[in-house]
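Report on the following structure.
Residue indices begin at 1 and follow the sequence shown.
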Amino acid sequence: MQRQMHLNLFFHSRGHHEASWRHPASSPLALTDIRYYQDLARRAEAAKFDSIFLADQLALGEDVAQAARTWLEPITVLAAVAVATERVGLIATASTTYTEPFNLARQFASIDHISNGRAAWNIVTSWLATAARNFGGAGQVSHADRYARGEEFMTVVNGLWDSWADDAVADDRAEGIYGRAGRIRPIDHRGDFYQVAGPLNMPRCPQGRPVLVQAGSSDTGRRFAARHAEAVFTAHMAKETAQEFYADLKRLAAAEGRDPLQILILPGLSPMIASTEAEAQRLVREVNELTDPEVGRKRLSNRFGGHDFSHLPIDRPLTPADFPDPGSVEAARSRTEVIVNLVRRDKPTLRQLLAYLAGARGHYVTAGTPEQIADLMADWFTGGAADGFNVMPPLLPAQFDAFAAEIVPLLQRRGLFRTEYSGTMLRHHYGLAWPKSQFD
Ligand SMILES: Cc1cc2nc3c(=O)[nH]c(=O)nc-3n(C[C@H](O)[C@H](O)[C@H](O)COP(=O)(O)O)c2cc1C
């Protein structure tokens, strides 16, 4: 069979553009209204998308005055979305730095049971400096320590998910036996960061383990992904860096003894779609006019671990010297590299840089006709840059509807995307193997 793309819909505010929440074409519902999320997931399912994704941060942004982002707790949202849909995969972010592995293993196993095998966890180590202040206030955990803790975290959760054998539940009413003795066992983990006895307090989940997603891009992040991730989100502003990332991650996965086909690379794509290129560009200008450069400046500062950009003139071309060295940033190091590389290459003014970042925070932003965007997707997909895309519509739901109505049929006609789901679980949609249990 022809290789096909995997498509994920990334939920974010009323769209990924920073000013989407103000735009008349975006949803009228409150961002705390669960119907908004359930409705988006149903639209993704109708378009035969593989999955939907909710990001998360463990602190309120400092830009709340002009930024409509409501961090409804994502695992809770997944439970509500699970009962409103039947097929689409459900991915939520949760942090290895600020969660206990027992809690997390239990929550995602529950979502996998509730959704009949559609749960996935986006593993993050949490880069936000303000999050640390909400968890004991001991200061931000360093980049290296976060990943060291993350490694041990994975050992514990995988152990817990495997602590019930597939046949552990007898549920035999006549004999009076629910759980089979000997088929459920503790994990007795004692490590540097965690002491966890186990077993988990529920049966093995339908997918064996939830699908594991990751989005780290630094060297440490990539090695972590190569060991654990089955799907990888990534941000690129050019096809060349996406190709480099793709090749590197597949190589690293092979070096870990894994089949490179079992790790899907999904770069972000934020397309503004209209019937002509001029109309798409007009829409971009219309949304850009609703942005406030001071909000962008604060966000940039956050990305660079709180670095002060307030002195930078808005209309002078930037140079890499205007930024701290990405290697010294303890926050989201890889995205800072993406930004500094763009500055080196294009020498934008701060105003231009902020307008680009307003589109989708450093992911690939484009505007054009459905044919142009489908061509671009096909080019990345066949050119070793992507196994599919993390679709990030600038306006929700309007620009997702345009994607579903115009681009999906073009991809289907070219044989590049499914016309029907062939399975019920996320592992089926992504073409992933069932994880081998450590039990037997
Ligand atoms: C599409 C995408 C989604 C992400 N979602 C989250 C998120 O929900 N929460 C979070 O703290 N970080 C999120 N990240 C950040 C990554 O997990 C990671 O911390 C960041 O890319 C820095 O990686 P590094 O630490 O390896 O440099 C996301 C990144 C990407 C590309």
Side-chain angles (χ1 to χ4, degrees), residues 9-33 36-37 39-40 43 52-57 59-72 128 235 237 268-304 309-310 312-315 318 332 335 338-339 342-343 346 348-368 373 390-403:
L9 173 59
F10 184 170
F11 291 7
H12 181 89
S13 182
R14 292 191 181 115
H16 283 265
H17 193 286
E18 187 177 293
S20 60
W21 63 279
R22 305 175 62 188
H23 195 274
S26 62
S27 168
L29 292 179
L31 284 168
T32 45
D33 189 332
Y36 173 61
Y37 305 91
D39 173 65
L40 281 179
R43 289 174 202 245
I52 60 105
F53 164 56
L54 293 156
D56 195 33
Q57 285 183 358
L60 179 69
E62 283 152 17
D63 50 3
V64 66
Q66 286 108 344
R69 275 168 303 156
T70 299
W71 301 109
L72 277 185
L128 207 64
M237 291 185 180
L269 173 67
S270 187
M272 188 72 91
I273 308 157
S275 52
T276 64
E277 200 181 329
E279 172 60 9
Q281 294 293 357
R282 192 196 61 74
L283 271 170
V284 170
R285 279 196 304 279
E286 186 180 287
V287 198
N288 274 347
E289 271 158 28
L290 298 173
T291 59
D292 176 348
E294 291 317 308
V295 174
R297 209 194 277 262
K298 271 191 211 139
R299 287 212 177 137
L300 191 65
S301 160
N302 241 346
R303 287 251 167 238
F304 282 83
F309 291 106
S310 59
L312 278 188
I314 193 96
D315 288 316
L318 296 166
R335 201 73 60 85
V338 170
I339 296 170
L342 177 92
V343 165
D346 296 350
T349 63
L350 183 60
R351 190 189 301 279
Q352 288 164 334
L353 176 69
L354 295 180
Y356 191 90
L357 294 176
R361 309 177 300 285
H363 288 264
Y364 194 87
V365 177
T366 182
I373 290 157
N390 188 16
V391 179
M392 304 170 57
L395 300 170
L396 284 168
Q399 281 290 319
F400 178 71
D401 289 346
F403 190 99

>> According to side-chain hydrogen bond (donor to acceptor under 3.5 Å, both in side chains), who are the partners of Gln281, at least two apart in sequence or on a separate chain?
In response: none
> Is there a donor-acceptor pair under 3.5 Å between the side chain of Ser13 and the backbone N or O of Arg69?
Replying inline: no
> salt bridge (Lys or Arg N to Asp or Glu O under 4.0 Å) with Asp33: which residues, sequence neighbours excluded?
Replying inline: Arg35
>> Tell me every residue that passes side-chain hydrogen bond (donor to acceptor under 3.5 Å, both in side chains) with Thr349, counting only those two or more places apart in sequence or in another chain.
In response: Gln352
>> Distance check, rounded to the nearest 0.5 Å: Leu290 atom CG versus Trp21 atom CH2?
In response: 9.0 Å
> Got a sec, which residues hit ring pair (Phe, Tyr, Trp, His ring centres under 6.0 Å) with His12, two or more places apart in sequence or on another chain?
Replying inline: His16
> Does any non-hydrogen side-chain atom of Ile52 lie less than 4.5 Å from one of Tyr37?
Replying inline: no
>> Keeping Arg351 on the side-chain end and Pro293 on the backbone end, is there a donor-acceptor pair under 3.5 Å?
In response: no
> Quick one: does Thr291's side chain have a donor or acceptor within less than 3.5 Å of a partner on Ala19's backbone?
Replying inline: no
> Could you give the distance from CG (Leu318) to CZ (Phe309), rounded to the nearest 0.5 Å?
Replying inline: 9.0 Å
> Say you draw a straight line from CG of Leu396 to NE2 of His23; how long is it, rounded to the nearest 0.5 Å?
Replying inline: 12.5 Å
>> I'd like to know if Arg361 and Glu18 make a salt bridge, using a cut-off of under 4.0 Å between side-chain N and carboxylate O.
In response: no
>> Listing request: all salt bridge (Lys or Arg N to Asp or Glu O under 4.0 Å) pairs with a residue in residues 280-289, at least two apart in sequence or in separate chains.
In response: Glu279-Arg282, Arg282-Glu286
> Of the non-hydrogen atoms in Ala280 and Ala274, which two are nearest, and what is the gap between them?
Replying inline: N-CB, 3.5 Å
> Got a sec, which residues hit salt bridge (Lys or Arg N to Asp or Glu O under 4.0 Å) with Asp401, two or more places apart in sequence or on another chain?
Replying inline: Arg43
>> So, using side-chain hydrogen bond (donor to acceptor under 3.5 Å, both in side chains) as the criterion, who are the partners of Asn288 when residues are at least two apart?
In response: His17
> With sequence neighbours excluded, what pairs up with Tyr356 under the ring pair (Phe, Tyr, Trp, His ring centres under 6.0 Å) test?
Replying inline: none
> Under a 4.5 Å cut-off applied to non-hydrogen side-chain atoms, are Ser27 and Pro397 in contact?
Replying inline: yes
> Glu277: what forms a salt bridge (Lys or Arg N to Asp or Glu O under 4.0 Å) with it, not counting sequence neighbours?
Replying inline: none
>> Which residues pass the ring pair (Phe, Tyr, Trp, His ring centres under 6.0 Å) test with Phe53, not counting sequence neighbours?
In response: Phe10, Phe233
>> Just to verify, what does His363 make a side-chain hydrogen bond (donor to acceptor under 3.5 Å, both in side chains) with, not counting sequence neighbours?
In response: none
> So, for Leu300 and Leu354, which heavy atoms are closest and what is the spacing to 0.1 Å?
Replying inline: CD2-CD2, 4.3 Å
> Which pair of heavy atoms, one from Ile373 and one from Gly368, lies closest together, and at what distance?
Replying inline: CD1-O, 3.7 Å
>> Working note: Ile339 + Leu353, criterion side chain to side chain contact (heavy atoms under 4.5 Å, CB included); need CA distance, chi angles, decisive distance, verdict.
In response: CA-CA 9 Å; Ile339 296 170; Leu353 176 69; 4.1 Å; yes
>> Run Tyr36 and Phe11 through ring pair (Phe, Tyr, Trp, His ring centres under 6.0 Å) and show every step you take.
In response: CA-CA 10 Å; Tyr36 173 61; Phe11 291 7; 7.3 Å; no
> Is any side-chain heavy atom of Leu269 less than 4.5 Å from a side-chain heavy atom of Met392?
Replying inline: no
> What are the two closest heavy atoms between Ser20 and Val287, and how far apart are they?
Replying inline: N-CG1, 4.4 Å
>> How close do Leu9 and Leu40 get, counting heavy atoms only, and between which atoms?
In response: CD2-O, 4.1 Å
> Is a donor on one side and an acceptor on the other found under 3.5 Å between the side chain of Gln399 and the backbone of Gly15?
Replying inline: no
> Mind checking what makes salt bridge (Lys or Arg N to Asp or Glu O under 4.0 Å) contact with Arg22, not counting sequence neighbours?
Replying inline: none
> Nearest heavy-atom pair of Ala25 and Ala398: which atoms, and what distance?
Replying inline: O-CB, 3.5 Å
> Is Asp346 reaching over with its side chain to a backbone N or O of Pro348, donor-acceptor style, under 3.5 angstrom?
Replying inline: no
> Any donor and acceptor pair, going by atom type alone, linking the side chain of Arg299 with main-chain N or O of Gly61 inside 3.5 Å?
Replying inline: no
> Would a 4.5 Å heavy-atom cut-off, applied to side chains only, mark Met272 and Thr366 as touching?
Replying inline: no
